[in-house]
Amino acid sequence: MSIVSIIIPVYNIRDYLDDSVKSVMEQTYKDIEIILVDDGATDGSGQMCDEFAKEDSRIKVIHKVNGGLTSAWSEGVKHATGRYVCFVDGDDWVDCDMIENLLSYTLPEGSDEEIVSSNYIIEKRNEKKKVSHPIEPGVYEGKELENLKYKLLGEENRPVILSRCMKLISRKLVLDNMHYLNFGIRMAEDLNISLPCILDANRLSVVREGYFYHYRTVNSSIAHSYDAGLLDNLKVSYKTFLEILKDKNVSNYKEQVDREYVRLLFLVVKNELRRQGFAGVKTVREVFGQGEVAEIVRNTPVEVSEKSNRLIYSVMKKPGIINTLAVKIILNTYDRLTN
């Protein structure tokens, strides 16, 4: 049995898969198992997984019917045998000493309830940007960790990066919390597992420097395609987050999740106002004018420092026709200038 199981979900990423898998195969720490989960790929990347397995006996390949990203990595967890799991998305890559470095932060005797997280680099075609956890590097246990659990959500900058990637997570933490997964959630879906794992952990280590994970941004420009189901999807996420924090006995669970929901609703406004015509303006006025969503926004003030988000927030609080139309024009103008 290996100490670390590295799980890579694979779906139609043949142009990037070699970089991802090779970066894992070349780890300086060798006692790993590598689980490639072919999520019904149709571009040949599933066959590439089988070729990698012929090169390296540590590689295990799972072929499954397409079910989405969460379905893929969770299937990998079910087949993992390591004490710790590490997730690497198939279009990203990692430094060859990542596992060795992260393991140096774990308890010498190992643990079923700990998380170690590095930082990461956003890799664009002509730009690199380092991203760190807002909290100070170090080991969080006891009261310090307990205090952190009361502000995981709802902050303008979350204190901890809640991606499931770039981390070593005790496999037992993940297995014990997989019942919270909803394969249909598309927005902030990593929180369905990272939140309960952190809330159950008795030790969280944040690496100083350690930008081991490379997050590849495939397109330098944002594709502003309309998502008709975004609001309904966020409502499901909202209920899931409430359930998780309530189950874990976080006393301010409603306050945290409401603030997080308000921040995610910024995406709904942008999504609607980027639609062609005026249907999106009507939807924004209906959603934020009255009803459950409007009530949460009114009763849950959040701090907003970014100028563009201040405009969005003004519409959420007061979705008058003039204000909403003005922000739509500003968004559409910005899109034309930057794409």
Side-chain angles (χ1 to χ4, degrees), residues 120 122 129 131-135 147-165 180 182 184-199 215 222 224 226-246 248 250-274 280 283-319 323-324 327-328 330-331 334:
Y120 68 100
I122 296 175
K129 180 182 178 183
V131 181
S132 307
H133 292 267
I135 60 172
N147 290 338
L148 187 62
K149 294 175 181 179
Y150 292 98
K151 53 184 179 181
L152 286 173
L153 295 182
E155 306 295 319
E156 190 163 27
N157 293 300
R158 295 174 185 145
V160 178
I161 297 168
L162 293 177
S163 167
R164 72 192 141 74
C165 297
Y180 291 113
N182 182 325
I185 292 178
R186 304 186 307 277
M187 188 64 63
E189 71 275 8
D190 273 3
L191 271 67
N192 289 359
I193 196 65
S194 59
L195 260 182
C197 284
I198 290 175
L199 291 170
Y215 172 74
I222 300 173
H224 300 303
Y226 177 64
D227 183 350
L230 180 59
L231 179 57
D232 288 338
N233 210 259
L234 288 182
K235 287 180 179 178
V236 177
S237 298
Y238 172 69
K239 291 177 181 177
T240 303
F241 301 159
L242 279 175
E243 178 189 4
I244 291 170
L245 269 69
K246 186 177 181 181
K248 304 301 182 184
V250 178
S251 60
N252 68 337
Y253 75 95
K254 183 71 163 56
E255 176 190 341
Q256 279 197 66
V257 178
D258 280 0
R259 282 190 283 113
E260 184 72 18
Y261 189 39
V262 170
R263 294 192 185 282
L264 290 174
L265 286 170
F266 285 28
L267 301 173
V268 172
V269 176
K270 293 175 184 177
N271 181 55
E272 292 295 337
L273 295 187
R274 280 174 169 141
T283 300
V284 167
R285 298 194 68 211
E286 289 174 351
V287 169
F288 294 96
Q290 59 184 351
E292 180 187 29
V293 171
E295 185 177 350
I296 291 175
V297 171
R298 281 196 302 270
N299 296 332
T300 312
V302 297
E303 292 184 9
V304 182
S305 59
E306 189 178 316
K307 289 182 180 179
S308 60
N309 280 338
R310 285 180 187 172
L311 289 174
I312 299 300
Y313 194 31
S314 71
V315 169
M316 291 164 59
K317 292 188 292 184
K318 294 182 179 180
N323 190 26
T324 307
V327 173
K328 176 180 174 63
I330 292 169
L331 280 177
Y334 175 79

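Both backbone and side-chain heavy atoms feed into the values below; hydrogens, waters and symmetry mates do not.
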Can you name the closest pair of heavy atoms from [X] and [Y] and give their distance?
| X | Y | answer |
| --- | --- | --- |
| Leu265 | Met316 | CB-CE, 3.8 Å |
| Ala294 | Gly289 | CB-C, 3.9 Å |
| Leu152 | Pro159 | O-CD, 4.1 Å |
| Gly184 | Asn233 | O-ND2, 3.1 Å |

Could you pull out all residues at least two apart from [X] that satisfy side-chain hydrogen bond (donor to acceptor under 3.5 Å, both in side chains)?
| X | value |
| --- | --- |
| Arg158 | Glu260 |
| Asp227 | Arg186 |
| Asn182 | none |
| Ser132 | Tyr211 |

Donor-acceptor contact below 3.5 Å, side chain [X] vs main chain [Y]:
| X | Y | value |
| --- | --- | --- |
| Arg285 | Pro319 | yes |
| Arg259 | Val302 | no |
| Asn299 | Glu295 | yes |
| His133 | Val160 | no |

Roughly how far, to the nearest 0.5 Å, is [atom2] of [Y] from [atom1] of [X]?
| X | Y | atom1 | atom2 | value |
| --- | --- | --- | --- | --- |
| Leu264 | Leu231 | CG | CG | 11.0 Å |
| Leu245 | Ser251 | CG | OG | 10.0 Å |
| Cys197 | Leu191 | SG | CG | 11.5 Å |
| Ile185 | Thr240 | CD1 | OG1 | 4.0 Å |
| Leu230 | Asn271 | CG | CG | 5.0 Å |
| Ile193 | Ser163 | CD1 | OG | 12.5 Å |

Tell me, do [X] and [Y] make a side-chain contact under 4.5 Å, heavy atoms counted?
| X | Y | result |
| --- | --- | --- |
| Asn309 | Lys270 | yes |
| Ser314 | Asn323 | yes |
| Leu331 | Ile312 | yes |

With sequence neighbours excluded, what pairs up with [X] under the side-chain contact (heavy atoms from CB on, under 4.5 Å) test?
| X | result |
| --- | --- |
| Gln290 | none |
| Glu292 | Ile296 |
| Glu243 | Tyr180, Asp247 |
| Thr283 | Glu272, Arg275, Val287 |

| Greater than 12 external heavy atoms within 6.0 Å of Lys248's NZ |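 Result for NZ/Lys248: enclosed.
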| message | Applying side chain to side chain contact (heavy atoms under 4.5 Å, CB included) to Leu162 and Ile198, what does each step give before you reach the verdict? | response | CA-CA 9 Å; Leu162 293 177; Ile198 290 175; 3.5 Å; yes
| query | Among pairs that include at least one residue of residues 288-317, which meet ring-ring contact (aromatic ring centres under 6.0 Å, His included), considering only residues two or more places apart or in two chains? | reply |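 Matches after skipping sequence neighbours: Phe266-Tyr313.
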| query | Tell me, which pairs form a ring-ring contact (aromatic ring centres under 6.0 Å, His included) where one or both residues lie in residues 293-312, sequence neighbours left out? | reply |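 Counting only pairs at least two positions apart or across chains, no ring-ring contact (aromatic ring centres under 6.0 Å, His included) contact touches residues 293-312.
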| said: Can you list everything that forms a ring pair (Phe, Tyr, Trp, His ring centres under 6.0 Å) with Tyr238? Sequence neighbours excluded, please. | reply: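 Expected list: Tyr261.
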| Taking only residues two or more places apart in sequence or in another chain, which ones pass salt bridge (charged side-chain N to carboxylate O under 4.0 Å, His left out) with Lys254? |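 Partners of Lys254 by the salt bridge (charged side-chain N to carboxylate O under 4.0 Å, His left out) criterion, ordered by chain and then number, come out as Asp258.
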| request: Dump the intermediate steps for side chain to side chain contact (heavy atoms under 4.5 Å, CB included) on Val257 and Leu153, then the final yes or no. | output: CA-CA 6 Å; Val257 178; Leu153 295 182; 4.2 Å; yes
| task | For Lys318 and Val315, run side chain to side chain contact (heavy atoms under 4.5 Å, CB included): C-alpha distance rounded to whole Å, both residues' side-chain angles, the deciding distance at 0.1 Å, then the answer. | result | CA-CA 5 Å; Lys318 294 182 179 180; Val315 169; over 6 Å; no
| Intermediate values then yes/no, side chain to side chain contact (heavy atoms under 4.5 Å, CB included), Gln256 and Glu155 | CA-CA 8 Å; Gln256 279 197 66; Glu155 306 295 319; over 6 Å; no
